[in-house]
Amino acid sequence: MTMDDVPSACALLKSHLDQCLLAVEFTEEEFVHWFIPRDDVISSYVVKKTHEDGKEEVTDMISYYHLHSSIIGHPKHSHLRAAYSFYNVATSVELVDLMRDALVLAKGEGMDVFNALEQMQNESFF
């Protein structure tokens, strides 16, 4: 995700969260703070559709935050790199496929584990 994606991605997330009884309402400024990728903090990716007029629209997004832990007393490993699913929206692909992509991307970033809570439709891919 880049700054150019923010207006469309923020609108997509707002539309998705409107379906929830209780949800955060992100302004674009807050969206930038929470979702623009930062090394070892947050990873966010989008899928875009290009319209006939050349305008791009974000149709899907995945995000996960990084939470690393120290491993004490292990002879080989000193740290555990964990990814935690954050906000995910799938409109042009199945959520299970989007989350499979998240697993591949997280592994590519060196994550050891990927965690997700049983909320926000996550049970559909457990």
Side-chain angles (χ1 to χ4, degrees):
M1 180 183 310
T2 67
M3 287 298 291
D4 290 340
D5 300 322
V6 168
S8 183
C10 185
L12 174 70
L13 182 59
K14 282 182 183 180
S15 174
H16 178 72
L17 293 177
D18 283 346
Q19 301 169 31
C20 302
L21 296 175
L22 179 65
V24 176
E25 291 187 16
F26 292 101
T27 65
E28 283 190 14
E29 182 179 309
E30 292 167 332
F31 187 90
V32 167
H33 173 77
W34 285 101
F35 294 97
I36 285 296
R38 286 177 280 161
D39 290 342
D40 291 326
V41 177
I42 183 83
S43 296
S44 301
Y45 298 91
V46 296
V47 176
K48 295 189 267 189
K49 175 183 177 182
T50 303
H51 296 281
E52 290 180 10
D53 62 2
K55 184 180 177 188
E56 292 183 325
E57 174 188 15
V58 173
T59 59
D60 309 271
M61 69 173 280
I62 53 177
S63 61
Y64 50 89
Y65 60 92
H66 306 219
L67 188 58
H68 308 309
S69 302
S70 297
I71 299 173
I72 300 171
H74 192 278
K76 184 177 178 183
H77 303 287
S78 61
H79 291 87
L80 177 71
R81 295 176 48 92
Y84 285 81
S85 179
F86 197 36
Y87 285 89
N88 308 295
V89 182
T91 65
S92 72
V93 298
E94 294 294 323
L95 182 58
V96 68
D97 295 328
L98 197 63
M99 293 312 296
R100 188 174 293 117
D101 291 342
L103 293 174
V104 171
L105 291 163
K107 180 66 175 171
E109 291 182 40
M111 297 297 153
D112 299 308
V113 296
F114 192 98
N115 298 299
L117 298 176
E118 194 172 318
Q119 64 185 19
M120 295 185 62
Q121 301 173 339
N122 287 349
E123 69 279 354
S124 69
F125 61 82
F126 283 149

Just verifying a value: how many Å separate [X] [atom1] and [Y] [atom2], rounded to the nearest 0.5 Å?
| X | Y | atom1 | atom2 | result |
| --- | --- | --- | --- | --- |
| T27 | H33 | OG1 | NE2 | 10.5 Å |
| L67 | D40 | CG | CG | 11.0 Å |
| L105 | Y45 | CG | OH | 5.0 Å |
| I71 | H79 | CD1 | NE2 | 8.5 Å |
| E25 | L13 | CD | CG | 11.0 Å |
| S85 | M99 | OG | CE | 4.0 Å |

So does [Y] get a backbone contact from the side chain of [X], meaning a donor-acceptor N/O pair under 3.5 Å?
| X | Y | result |
| --- | --- | --- |
| D112 | R81 | yes |
| Y64 | A106 | yes |
| T91 | T59 | yes |
| S44 | F35 | yes |

Is there a chain of hydrophobic side chains (I, L, V, M, F, W, Y, each step under 4.5 Å between heavy atoms) that links [X] to [Y]?
| X | Y | result |
| --- | --- | --- |
| V46 | F31 | yes |
| L80 | F114 | no |
| V41 | F26 | yes |
| V6 | V24 | yes |

Nearest heavy-atom neighbours spanning [X] and [Y]:
| X | Y | result |
| --- | --- | --- |
| N115 | A82 | ND2-CB, 4.1 Å |
| P7 | E28 | CA-OE2, 3.5 Å |
| I62 | L98 | CG2-CG, 3.1 Å |
| S92 | V47 | OG-CG1, 4.3 Å |

R100 vs V96, side chain to side chain contact (heavy atoms under 4.5 Å, CB included): CA-CA, chis, key distance, verdict: CA-CA 6 Å; R100 188 174 293 117; V96 68; 4.2 Å; yes
Pair I36-M3, side chain to side chain contact (heavy atoms under 4.5 Å, CB included): steps then yes or no: CA-CA 7 Å; I36 285 296; M3 287 298 291; 3.8 Å; yes
Heavy atoms of other groups near D39 CG, more than 12 under 6.0 Å: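 Not more than 12 within 6.0 Å, no.
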Over 12 foreign heavy atoms within 6.0 Å of CD, E56: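 Yes, the 6.0 Å shell around CD holds more than 12 heavy atoms from other groups.
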Beyond-backbone contact of E109 with S43, side-chain heavy atoms, under 4.5 angstrom: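 E109 reaches S43 side chain to side chain.
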Verdict with reasoning, D5 to T2, per side chain to side chain donor-acceptor pair (under 3.5 Å): CA-CA 5 Å; D5 300 322; T2 67; 3.3 Å; yes
Worked check of side chain to side chain contact (heavy atoms under 4.5 Å, CB included) between M111 and H68: CA-CA 9 Å; M111 297 297 153; H68 308 309; 4.0 Å; yes
Derivation and outcome, side chain to side chain contact (heavy atoms under 4.5 Å, CB included), residues Y87 and W34: CA-CA 10 Å; Y87 285 89; W34 285 101; over 6 Å; no
